[in-house]
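Residue numbers start from 1 in every chain, and the chains themselves are labelled A, B, ... in the order their sequence lines are given, proteins ahead of strands. Worth knowing before you read on, the calculation uses all heavy atoms, side chains too, and leaves out hydrogens, waters and symmetry mates.
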There are 2 protein chains.
Amino acid sequence: MTTILLADDHRVVREGLRTLLAQEADLTVVGEAADGREVVALARTLRPDVVIMDIAMPELNGIEATRLIVAESPSIRIVALSMYADRRFVTQILRAGALGYVLKEAAFEELARAIRTVATGKPYLSPTVAGFVIEEFVRQVSTTASKSLEILTSRETEVLKLLAEGKRAKEIALELKIGVKTAEAHRQNLMNKLEMHSIAELTRFAIREGLTTA
Amino acid sequence: MTTILLADDHRVVREGLRTLLAQEADLTVVGEAADGREVVALARTLRPDVVIMDIAMPELNGIEATRLIVAESPSIRIVALSMYADRRFVTQILRAGALGYVLKEAAFEELARAIRTVATGKPYLSPTVAGFVIEEFVRQVSTTASKSLEILTSRETEVLKLLAEGKRAKEIALELKIGVKTAEAHRQNLMNKLEMHSIAELTRFAIREGLTTA
DNA sequence: ATGTCAATAAGTGTTTTTACTTATTATGGA
DNA sequence: TCCATAATAAGTAAAAACACTTATTGACAT
């Protein structure tokens with residue numbers, strides 16, 4: 001059973017959501033808040049699994065409220081409920097610690113799915129929002145020109161990945177069960193082949209090539 | 001009507017796809033290729049709207065073939081058809097210019113949707129792959145919550161940027177007209193504040209924060 | 001005025017990176 | 001079979017990174 005705290009400054013919205021959520025056997029609304037301060041206080045006492053958070057709220061907005069709740073109880077998952085698919089809102093509230101972002105124009109079914117997804121610790125974004133995250137990813141990735149991961153051997157690729165993750169030659173040697181000198185040799189060969197002269201450059205190359213993430 | 005060129009080195013796969021695509025009123029297969037060279041040549045003469053491209057092919061792999069086709073005819077959209085949800089493949093073929101990425105384990109319905117989506121110039125990624133892009137976006141955006149640029153001074157930020165670009169302490173000192181020891185001190189302070197212990201980690205952080213690009 | 005903080009910098013010592021050379025073994029292709 | 005390449009590894013050496021401490025200066029806020 002997933003417990004839910006509703007936060008929205010419009011009473012009708014809260015009542016509507018409460019009614020809809022009552023239809024779902026595995027979801028229970030345990031409280032309601034009409035502003036940012038209230039939701040922070042209630043989250044502390046009620047300790048719900050999930051908070052449905054309106055972004056625009058008096059006293060304290062949803063972003064600040066999210067930040068406070070997550071700082072205090074990281075196990076409480078937040079689903080942002082917003083009217084706008086604006087990238088800035090998405091970025092800000094996700095950075096504040098929300099795991100979900102659902103548009104108010106979405107069907108209730110989607111909100112329910114979002115609640116169940118974030119309850120397990122996984123992120124959920126409304127398709128519109130997810131769509132532009134993907135578009136951005138594709139655009140970003142397709143505009144970066146590059147030549148070759150192909151000129152590297154599989155072992156070199158492996159070493160490059162670990163280097164980019166911040167590992168030292170010693171750690172890499174341990175992880176790959178090879179000598180420290182061998183790991184160093186691989187790094188040296190990487191640098192020669194790629195014509196790079198620092199770990200920072202190798203790291204950026206590895207990220208560009210998708211070997212690891214920033 | 002959307003015209004399609006099929007590229008896959010397995011004849012059964014091509015025949016299967018051709019049959020399935022024949023069911024769709026708005027899609028027509030205008031040609032088939034069994035290897036990379038062939039698909040590049042056929043794309044040139046047939047000028048299809050969309051190419052369905054297997055990644056693993058003889059002669060010339062799907063990534064190289066994609067690169068060549070897109071370089072020659074940017075209006076031809078490519079949907080990669082792959083067995084693997086591996087980040088490396090996704091990144092590489094998208095960078096080569098593909099707009100879609102569909103897993104072979106997907107239902108045919110999904111491939112059809114991908115074709116129609118990319119035909120309009122919009123990207124399409126299989127849910128597994130997309131989910132993973134989204135998770136990365138969320139993780140990336142939410143991990144910047146704890147330690148962010150705000151805790152750094154302006155000078156430290158400046159030094160961080162240069163370090164991430166691959167500069168050494170000596171070069172940074174020169175560029176900022178400060179002593180080498182000062183540049184080193186800034187780096188040390190950065191590491192302490194961010195709780196990081198290598199240039200690779202600092203570099204990734206700088207990229208996440210948008211101080212520099214990968 | 002007093003205290004915290006940012007920016008500057010020197011000193012000391014350890015570890016790692018960077019840059020070479022050389023060499024052995026295994027594998028796969030011409 | 002011979003040759004090229006990948007993977008392994010050692011040796012040498014200079015440069016840089018990493019990790020501390022300490023100290024001076026100026027700015028800004030309580």
Side-chain angles (χ1 to χ4, degrees), chain A residues 147-207 209 211-212 214, chain B residues 35-37 56-61 64 88 147-207 209 211-212:
Chain A
K147 265 123 226 146
S148 46
L149 225 177
E150 284 127 59
I151 62 171
L152 304 183
T153 68
S154 60
R155 204 53 155 171
E156 283 164 355
T157 308
E158 223 171 335
V159 170
L160 172 59
K161 180 171 180 291
L162 297 171
L163 280 169
E165 283 167 4
K167 305 255 170 64
R168 316 188 164 289
K170 199 195 289 181
E171 303 173 273
I172 292 169
L174 230 135
E175 193 159 327
L176 299 182
K177 297 196 175 71
I178 57 179
V180 177
K181 273 296 186 180
T182 308
E184 275 182 48
H186 284 310
R187 195 215 47 224
Q188 197 64 240
N189 289 332
L190 279 166
M191 286 180 165
N192 288 336
K193 281 188 179 178
L194 299 171
E195 295 176 71
M196 292 175 182
H197 310 278
S198 68
I199 294 286
E201 287 170 278
L202 288 182
T203 302
R204 291 167 49 186
F205 175 79
I207 292 166
E209 293 297 324
L211 271 185
T212 187
Chain B
D35 65 58
R37 284 199 206 297
M57 278 192 299
E59 298 296 321
L60 202 64
N61 67 44
E64 281 309 315
R88 261 182 276 179
K147 299 275 187 292
S148 88
L149 276 182
E150 285 148 51
I151 64 172
L152 303 182
T153 67
S154 61
R155 204 53 157 172
E156 283 164 353
T157 308
E158 223 170 336
V159 171
L160 172 58
K161 178 171 179 292
L162 296 171
L163 280 171
E165 282 167 5
K167 304 257 170 63
R168 312 189 167 289
K170 200 195 288 181
E171 302 173 273
I172 292 170
L174 233 140
E175 192 159 329
L176 298 181
K177 298 194 174 75
I178 58 178
V180 178
K181 272 297 186 181
T182 308
E184 274 185 53
H186 285 308
R187 179 189 43 76
Q188 197 64 41
N189 288 333
L190 279 165
M191 287 181 166
N192 288 336
K193 281 189 180 179
L194 300 171
E195 295 175 70
M196 292 174 182
H197 310 278
S198 68
I199 296 286
E201 288 169 279
L202 288 182
T203 301
R204 292 167 48 186
F205 175 80
I207 291 166
E209 293 297 326
L211 273 183
T212 187

Nearest whole Å is fine: how far is [N] [atom2] from [X] [atom1]?
| X | N | atom1 | atom2 | answer |
| --- | --- | --- | --- | --- |
| B:Glu195 | D:dA19 | CD | C1' | 15 Å |
| B:Arg187 | C:dA9 | CZ | C1' | 15 Å |
| A:Met191 | C:dC20 | CE | P | 12 Å |
| B:Leu194 | D:dA19 | CG | P | 13 Å |
| A:Leu176 | D:dT8 | CG | P | 8 Å |
| A:Glu156 | D:dA7 | CD | P | 6 Å |
| A:Gln188 | C:dT16 | CD | P | 17 Å |
| B:Leu163 | D:dA17 | CG | C1' | 10 Å |

Distance below 4.0 Å between B:Thr182 side-chain N/O and C:dA9 OP1 or OP2: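 So the side-chain polar atoms of B:Thr182 do come within 4.0 Å of the phosphate oxygens OP1 or OP2 of C:dA9, strictly under.
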
B:His197 vs C:dT15: side-chain N/O to OP1/OP2 distance below 4.0 Å: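 Checking B:His197 against C:dT15: no side-chain N or O falls below 4.0 Å of OP1 or OP2.
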
Donor/acceptor link under 3.5 angstrom from A:Lys167 side chain onto base of C:dT16: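 Absent.
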
Working for side-chain contact (heavy atoms from CB on, under 4.5 Å), residues B:Val180 and B:Glu184: CA-CA 6 Å; B:Val180 178; B:Glu184 274 185 53; 3.8 Å; yes

Touch class at under 4.0 angstrom, heavy-atom based, for A:Thr153 against every strand present: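 Answer is sugar-phosphate: A:Thr153 comes under 4.0 Å of backbone atoms only.
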
Sugar-phosphate only, base, or nothing, as touched by A:His186 at under 4.0 Å among non-hydrogen atoms: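 Base contact - A:His186 has a heavy atom under 4.0 Å of at least one base atom.
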
Among [options], the nucleotide that comes nearest once only the side chain of [X] is considered:
| X | options | result |
| --- | --- | --- |
| A:Lys181 | D:dG11, D:dA6, C:dC20 | D:dG11 |
| A:Arg155 | C:dA19, D:dA19, D:dT8 | D:dT8 |
| A:Arg168 | C:dT18, D:dG11, C:dT17 | C:dT17 |
| B:Ser198 | C:dA9, D:dA7, D:dC18 | D:dC18 |
| B:Ile178 | C:dT8, C:dT17, D:dA17 | C:dT8 |

B:Val180 or A:Glu184, whichever maps to the more 5' nucleotide of DNA chain C: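 By nearest-heavy-atom nucleotide position, the 5'-most residue is B:Val180.
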
pair A:Glu165-B:Arg204: side-chain heavy atoms closer than 4.5 Å: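 Yes. Closest side-chain heavy atoms under 4.5 Å.
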
Sub-4.5 Å side-chain heavy-atom contact between B:Thr203 and A:Ile207: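 No, too far: nothing below the 4.5 Å cut-off.
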
CZ-CG distance between B:Arg168 and B:Leu174, expressed to the nearest 0.5 angstrom: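 Reported value, rounded in 0.5 Å steps: 14.0 Å.
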
Spatial distance of atom CG (B:Leu163) from atom OG1 (B:Thr212) [nearest 0.5 Å]: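 B:Leu163 atom CG to B:Thr212 atom OG1 measures 11.5 Å (nearest 0.5 Å).
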
Ion pair check, B:Arg155 and B:Glu158, cut-off under 4.0 Å: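 So B:Arg155 pairs with B:Glu158 through a salt bridge.
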
Result of checking B:Asn192, B:Ile199, B:Leu160 against B:Arg187 for side-chain contact (heavy atoms from CB on, under 4.5 Å):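 Per the side-chain contact (heavy atoms from CB on, under 4.5 Å) rule, the option paired with B:Arg187 is B:Ile199, out of B:Asn192, B:Ile199, B:Leu160.
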
Atom NZ of A:Lys193: over 12 foreign heavy atoms under 6.0 Å: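 Counting neighbours around NZ of A:Lys193, more than 12 heavy atoms of other residues, nucleotides or ligands fall under 6.0 Å, so yes.
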
Along DNA chain D (nearest heavy atom to each residue), the more 5'-positioned of A:Ala185 and B:Asn192: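 On the 5' side of the pair lies A:Ala185.
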
Distances under 3.5 Å between nitrogen or oxygen atoms of protein and nucleotides 25-27 of chain C:
none

